[in-house]
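Each remark here refers to the structure printed beneath this line.
Below, read A as the first sequence line, B as the second, and so on, with proteins coming before strands; counting in each chain starts at 1.
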Amino acid sequence: MSISVTKRSEDYAKWYTDVVQKAEMADYGPVKGTMVIRPYGFALWENIKAVADRMFKETGHVNAYFPMFIPESYMHKEAEHVAGFAPECAVVTHGGGKKLDEPLYIRPTSETIIWSMYKKWINSYRDLPLLINQWVNVVRWEMRTRLFLRTTEFLWQEGHTAHASFEEAEVETRKIIEIYRVLAEDYMAMPVYVGKKTDSEKFAGAVHTYSIEAMMGDMKALQSGTSHNLGQNFAKAFDVTFLTRENKQEYVYATSWGVSTRLVGGVIMTHGDDKGLILPPKIAPYQIVIIPIWRTDEQKALLMEEVAKIKLQFNREDIRFLVDDNDQVSAGWKFNQWEMKGVPLRLEIGPNDLEKKQVVLVRRDTGEKHFVAVESLFSMVNHLLEDIQNSMFQRALKFRNDNTHEVDNYDDFKRIIEAGGFVKAFWAGDGKMEAKIKEETKATIRCIPFDQNQAGACFYTGKPADTYVIFGKSY
RNA sequence: CGGAGCGUGGCGCAGUCCGGCUAGCGCACCUGAAUGGGGUUCAGGGGGUCGUAGGUUCAAAUCCUAUCGCUCCGACCA
């Protein structure tokens, strides 16, 4: 392993792939576009997953599992859906050495198979709402792939709910996008714009789509989670009706929503620096790495006694830690290694500290060193972890806000997009204009934020507009 | 699919233009010693037949043909 990564300022894309590999997050799989998620990267994903899963369950959702093989005919039942997904599907044509009568699509998303089952399970308003989520892999045969951000196969959760009214489905859709916002901002320390997608950017088969949009270190946008109100589109396609309280047949209202392993890429690109990853304490696989430093065996024995006490305390307090007592590499090596891996706090303890009854704590985000008396170690660690979490969010928020510019004309728009950053502007244009802007600048409307309170003139058409939108170049 | 680049020990590369001794370097790995609070040093050592197939030649990593694969840039996308 070489000793450093490409600088972000030199080549951001290269920096990203360097970091992913050198921090042992992931590696390329043998099939084009596939990725092996290595233990350290998977641990991060598991922590993100645990938070999301808890929030889903707290809001009444349950987990299940649906098959990955989807009959070809199912894919064709919803017109927009097939147009959106069929071209990028992997299809199984043979099984057991024989050609199959009907090709099987490997799920790119599971609306079709799930709604074919919901048809069986939903008869009455008493069966609603149905709130099911699954944590699975999906496959999309993308042209261009990037570790975590866009891989041929990826892991995600997909929630699929069924409701008795459009309004109820709408409440669900909004509830979930709020959960995603909390996940991104409060746990991943990744600030997001939350809002609605324009028609041209919405999900294939949705009435409308909400998303959270984050700004990465290169000022490009990462769509980090989506929640769709599907209306009755899938219920109609799969003929899923229920009997209302008034004894009338009505089509069921649906939602679907998901976040994926892309979030891992989001964490990396929101916080990382030229030394590697910086992970938010709340989701870091290890919140603190303990590095004992010794010369002689006697020193080591004494140190490990002290370390054992620290371990006990950390275990009791549910602090995720790792003791790196590997004596094959130098302390300096370990410092660099764990900085690459983004562990929020480092604890150094050596003979000198033992004598002074202290330890050294070093923050990954600021590099700041603290000499801490052993008896106040735990409270200090807790305090620092909390402070790191908060200041990581604040720093990311400031970066995003500093690089989000308001404009009132197309020239300024082009200048800012060209230089890099988001544009916040009043908008009264249509889909055609959106497409034209995309063609000319590569920027798209990331979302129409929920949070709207003023009116102004559209930067593009000059017409009065009561909503502003966020534009950016996206991943 | 269009454009560019690259396939040489585990990883990263040099050598290829202008064929020629036992294919070289850094990292990693193994042995030993000294070191150990910011990627430690010295000594010794193991491992590759040059993506694959075919051709030219006395001689091919190097030239020719075909083929496979990967990465990056564009259109598509969580």
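- If you take atom P in B/G24 and the same atom in B/A61, they sit 13 Å apart, rounded to whole Å.
- The CE atom of A/Met143 sits 13 Å away from the P atom of B/C70 (whole-angstrom rounding).
- Computed from coordinates, the A/Lys473 NZ to B/G74 C1' distance equals 13 Å when rounded to whole Å.
- Atom CZ in A/Arg150 sits about 14 Å away from atom C1' in B/C72, given to the nearest Å.
- Picking from B/A78, B/G39, B/C77 the nucleotide with the shortest atom distance to the side chain of A/Ser260 gives B/A78.
- When the nucleotides B/U71, B/G39, B/G37 are ranked by their closest atom to the side chain of A/Pro351, B/G37 comes out on top.
- The partner of B/G39 is absent, by the rule that a Watson-Crick or G-U pair needs both atom distances under 3.5 Å.
- Within 4.0 Å of A/Gln223, counting heavy atoms only, lie sugar-phosphate atoms of the nucleic acid but no base atom.
- Rounded to a whole angstrom, the distance from the P atom of B/U67 to that of B/A60 is 24 Å.
- Within the structure, a side-chain polar atom (N or O) of A/Ser330 is placed less than 4.0 Å from OP1 or OP2 of B/U40.
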Problem set entry | A/Glu439 vs A/Lys436, salt bridge (charged side-chain N to carboxylate O under 4.0 Å, His left out): CA-CA, chis, key distance, verdict | CA-CA 5 Å; A/Glu439 200 188 311; A/Lys436 185 131 192 293; over 6 Å; no
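- Within the nucleic acid shown, A/Val138 has no heavy atom closer than 4.0 Å to any nucleic acid atom.
- Using P as the reference atom, B/U52 and B/C58 are 25 Å apart when rounded to the nearest Å.
- For B/G38, its base sits under 3.5 Å from the side chain of A/Glu339 at one donor and acceptor pair at least.
- The distance between the ring centers of A/Trp141 and A/Phe85 does not fall below 6.0 angstrom.
- Between the CD1 atom of A/Ile293 and the P atom of B/U40 there is a distance of 13 Å, rounded to whole Å.
- Base pairing of B/C27: its partner is B/G10, meeting the Watson-Crick or G-U wobble criterion (both donor-acceptor distances under 3.5 Å).
- Between B/C72, B/C76, B/G38, one nucleotide has an atom nearer to the side chain of A/Val362 than all others, and that is B/G38.
- Atoms CG (A/Leu354) and P (B/G37) sit 17 Å apart, rounded to a whole Å.
- Closest to the A/Ala331 side chain, of the nucleotides B/A78, B/G38, B/G37, is B/G37.
- In the set B/G39, B/G36, B/G38, B/G38 carries the atom at the smallest distance from any side-chain atom of A/Lys369.
- Following rounding to the nearest Å, A/Lys22 (NZ) and B/G39 (P) show an atom-to-atom distance of 18 Å.
- Relative to the ring axis of A/Phe314, A/Lys311 does not place its NZ or CZ within 45° and under 6.0 Å from the centre.
- RNA chain B is contacted by both A/Arg146 and A/Lys442; A/Arg146 maps to the nucleotide lying nearer its 5′ end (nearest heavy atom per residue).
- Two rings, from A/Phe471 and A/Phe413, have their centers less than 6.0 Å apart.
- Comparing the C1' positions of B/G26 and B/G37 gives an interatomic distance of 28 Å, to the nearest angstrom.
- Ring centroids of A/Tyr210 and A/Phe450 are separated by less than 6.0 Å, placing the two rings close together.
- At a cut-off of 3.5 angstrom, the base of B/G38 holds at least one donor-acceptor pair with the side chain of A/Arg346.
- B/A59 and B/U41 are spaced 47 Å apart, taking the P atom of each and rounding to whole Å.
- Of the C1' atoms belonging to B/U22 and B/C18, the separation is 24 Å, rounded to the nearest Å.
- Atom-to-atom, CH2 of A/Trp135 to C1' of B/A78 comes out at 13 Å; the value is rounded to the nearest Å.
- In the set B/G39, B/U71, B/A78, B/G39 carries the atom at the smallest distance from any side-chain atom of A/Gln337.
- The six-membered or imidazole ring of A/Phe234 lies near that of A/His81, with a centre-to-centre distance under 6.0 Å.
- Checking B/G2 for Watson-Crick or G-U wobble geometry (two distances, each under 3.5 Å) identifies B/C73 as its partner.
- At a cut-off of 3.5 angstrom, the base of B/G36 holds no donor-acceptor pair with the side chain of A/Asp327.
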Problem set entry | salt bridge (charged side-chain N to carboxylate O under 4.0 Å, His left out) between A/Glu339 and A/Arg364, intermediate numbers included | CA-CA 7 Å; A/Glu339 278 167 2; A/Arg364 173 63 179 89; 5.6 Å; no
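- Using a 4.0 Å heavy-atom distance criterion, A/Phe154 is classed as a base contact.
- Taking atom C1' in both B/C17 and B/C29, the straight-line distance is 35 Å, to the nearest Å.
- Residue A/Glu111 contributes atom CD, which lies 12 Å from atom P of B/A78 at whole-angstrom precision.
- A distance cut-off of 5.5 Å between ring centres, combined with a plane angle under 30°, leaves A/Phe335 outside any stacking arrangement with the base of B/G39.
- Using a 3.5 Å distance cut-off with no hydrogens or angles, the side chains of A/Gln287 and A/Lys282 do not pair a donor with an acceptor.
- Each of A/Lys275 and A/Ser224 has a nearest nucleotide on RNA chain B; the 5'-most of these lies closest to A/Lys275.
- Taking only side-chain nitrogens and oxygens, A/Lys356 never comes nearer than 4.0 Å to OP1 or OP2 of B/G37.
- For B/G19, there is no paired nucleotide, since no Watson-Crick or G-U wobble pair has both relevant distances below 3.5 Å.
- Base-pair partner of B/G54: B/C64 (Watson-Crick or G-U wobble, both distances under 3.5 Å).
- Note on A/Leu149: a base of the nucleic acid sits closer than 4.0 angstrom, heavy atoms only.
- Across all strands shown, A/Lys300 has no heavy atoms under 4.0 Å from either base or sugar-phosphate atoms.
- The partner of B/G47 cannot be assigned: no Watson-Crick or G-U wobble pair with both contacts below 3.5 Å exists in any strand.
- As rounded to the nearest Å, B/C63 and B/C50 have C1' atoms that lie 15 Å from one another.
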